[in-house]
Amino acid sequence: CVIIIDEAHERTLHTDILFGLIKDIARFRSDLKVLVASATLDTERFSCFFDDAPVFRIPGRRFPVDIFYTKAPEADYLEACVVSVLQIHVTQPPGDILVFLTGQEEIEACCELLQERCRRLGSKIAELLVLPIYANLPSDMQAKIFNPTPPGARKVVVATNIAETSLTIDGIIYVIDPGFCKQKSYNARTGMESLIVTPCSRASANQRAGRAGRVAAGKCFRLYTAWAYKHEMEETTVPEIQRTNLGNVVLLLKSLGINDLIHFDFMDPPPHETLVLALEQLYALGALNHLGELTKLGRRMAELPVDPMLSKMILASEQYKCSEEVLTIAAMLSVNNSIFYRPKDKVVHADNARMNFVVPGGDHLVLLNVYNQWVESGYSTQWCYENFIQFRSMRRARDVRDQLEGLMDRIEVEVVSCQGDSVPVRKAVTAGYFYHTARLSKGGYKTVKHQQTVYVHPNSSLFEEQPRWLIYHELVFTTKEFMRQVIEIESGWLLEVAPHYYKSKELEDSSSKKMPRKQGKTKEELG
DNA sequence: CTCTCCCT
């Protein structure tokens, strides 16, 4: 029996978990062969982790790529990209250009600048086709990047790092790499994710450069100095397991019978505090007992391939007789903020379309409304198009929902509807997410857990309403500490769903300083 | 006053 772990260099959460599990299993299975395939040269780490496993080098079939650096750092890399593209366009032989930027906003700005300057240059230059690509771009627009470039013209694709690994565009000869990407990181002290523009790693820069050499010899223009490449960039990207919430990983490992997570053989262990917070939250949710063992509830939660809070919400829907609705909400929440399409040139239309879905109570109920209307339309693509809804995301939500619904039998939850009453739905959400409560005080919203100042995301249906008590689905720092996907609750529900976690005194309006009762168990007892 | 990526 052979197990192959491919693309190991990507160091995704799941590859890293697999590493630990397989190493463990291999000890008891002399017949088991493990093959780890990595596209980077840091084979030492993998070999060392798997007890000095032999390394085989297989040369790639790639064309050479000349790398060029800037003499001095660029103050404005967006502008530098635009200038570089135009320079390549007027001075270099035929071949398409790929530009790496960090996100939608930058990409849109870059495309606009390029189009504007081409318009001004008019017939003085050959035609330049400017095409954006990022994950949230509707599929029909994504497809355009694959159209062959007409003779005499040149194509420039402006991409996120979706073009670094996930898709390959034929005909790219030139790559422009400003050396930045958006990276997720996770603060276990506050439970907050951040999405911050950071310098990418050398491994990532090399991967980008490689995109220029797939069909012929190419050129890569790095908009940073050779010195910065050598001395300022990290060798490799920090593995995802060290940058993310580990709630469902911990639940999964516990359900596999791995109790001592603190000493689990991770190739790169996650921060201790991240494990501790995950254990603490699972304890608060009732998934673990005071010994850190999986409870019956925890075992049922582990059956669902979603985050523990979402899982708890689904299980709580049984009690409130609203599993039909909660399944839909869970599915809609699982497709990340990509339901509503909001192109820059049609923001007014898109925002109006979104307003039509708004119902009282909050974003979860708006998402439910969108899904139900889509079902009524017969899962129509046209309906999505007319309502500025992303069909791809809806189809994904439907897949997730089907999968979750298929698991309801196994966790013994009957699928029933509360027939339009929002209170049971919001109570079920509260039962899963009581850890994520925020309260309005005179200075704005503060989290109940850490008294941290947070803001309702401008996309939210409650952006202007400002209800006193909110539950948020996630807390993300982008330009500010934003609560994304919020729902209005009554403070009394917190006592109803989590009496072990909240005391009534803490929820009185007069006492704004009170913290939730301290958890009784320490990390050692739970670990 | 806003949106890296991926899909168990």
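Letters go in sequence order (proteins before strands), and every chain restarts at 1.
Rounded to whole Å, atom P of dC5(B) lies 10 Å from atom CZ of R392(A). The CG-P distance, from D402(A) to dT8(B), rounds to 14 Å in whole Å. Atoms CD (Q485(A)) and P (dT2(B)) sit 16 Å apart, rounded to a whole Å. dT8(B) atom C1' lies 7 Å from atom CD of Q403(A), rounded to whole Å. Rounded to whole Å, atom P of dC7(B) lies 10 Å from atom CD of E10(A). With rounding to whole Å, L13(A) atom CG is found 18 Å from dC5(B) atom P. When the P atom of dC5(B) is taken as reference, atom CZ of R243(A) falls 14 Å away, rounded to whole Å. Atom CG of L246(A) is separated from atom C1' of dT8(B) by 15 Å (rounded to the nearest Å).
Each of T102(A) and V400(A) lies near DNA chain B, and the nucleotide nearest T102(A) is the one positioned closer to the 5' end.
Set against dC1(B), dC3(B), dC5(B), the side chain of Q104(A) has dC3(B) as its closest nucleotide. Of all nucleotides listed (dC5(B), dC3(B), dT2(B)), dC5(B) comes nearest to the side chain of N161(A). Closest to the F463(A) side chain, of the nucleotides dC3(B), dT2(B), dC1(B), is dC1(B). Taking the side chain of R484(A) as heavy atoms from C-beta on, and the options dC6(B), dT8(B), dC3(B), the nearest nucleotide is dC3(B).
The side chain of T479(A) contributes an N or O atom lying less than 4.0 Å from OP1 or OP2 of dT2(B). H457(A) has a side-chain polar atom (N or O) that falls below the 4.0 Å cut-off from OP1 or OP2 of dC3(B). For dC5(B), the OP1/OP2 oxygens have a side-chain nitrogen or oxygen of T160(A) closer than 4.0 Å.
Minimum heavy-atom separation, P467(A) to L470(A): CG-CD2, 3.5 Å.
Judged by the 6.0 Å distance and 45° axis criteria, R398(A) is positioned over the aromatic ring of Y379(A).
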Side-chain donor-acceptor pairs of residues 205-212 of chain A under 3.5 Å, sequence neighbours excluded:
| unit_1 | atom_1 | unit_2 | atom_2 | d |
| --- | --- | --- | --- | --- |
| N206(A) | OD1 | R222(A) | NH2 | 3.0 |
| N206(A) | OD1 | Y229(A) | OH | 2.9 |
| N206(A) | ND2 | R202(A) | O | 3.3 |
| N206(A) | ND2 | Y229(A) | OH | 3.2 |
| Q207(A) | NE2 | E164(A) | O | 3.1 |
| R208(A) | NE | E164(A) | OE1 | 2.9 |
| R208(A) | NH1 | D177(A) | OD1 | 2.7 |
| R208(A) | NH1 | F180(A) | O | 3.3 |
| R208(A) | NH2 | F180(A) | O | 3.0 |
| R211(A) | NE | A163(A) | O | 3.1 |
| R211(A) | NE | E164(A) | O | 3.1 |
| R211(A) | NH2 | E164(A) | O | 3.1 |
| R211(A) | NH2 | T165(A) | O | 3.4 |
| R211(A) | NH2 | L167(A) | O | 3.4 |

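Backbone-only engagement by T478(A) is indicated by non-hydrogen atom pairs under 4.0 Å involving sugar-phosphate atoms exclusively. Y455(A) comes within 4.0 angstrom of nothing in the nucleic acid, heavy atoms only. Within the nucleic acid shown, F340(A) has no heavy atom closer than 4.0 Å to any nucleic acid atom. N337(A) comes within contact range of no nucleotide atom at all, as no heavy-atom separation falls under 4.0 Å. Backbone-only engagement by I162(A) is indicated by non-hydrogen atom pairs under 4.0 Å involving sugar-phosphate atoms exclusively.
The base of dC7(B) is paired with the side chain of R396(A) by a donor and an acceptor separated by under 3.5 Å. No hydrogens or angles were tested; on distance alone, a donor-acceptor pair under 3.5 Å links the side chain of R342(A) to the base of dT2(B).
Between W374(A) and F391(A), the ring planes lie perpendicular to each other; the angle is over 60°, past the 30° to 60° tilted range.
Contacts of Y433(A) classified as side chain to side chain donor-acceptor pair (under 3.5 Å), with partners at least two apart in sequence or in another chain: H473(A).
If you check the side chains of R401(A) and T328(A), you find a donor sitting under 3.5 Å from an acceptor.
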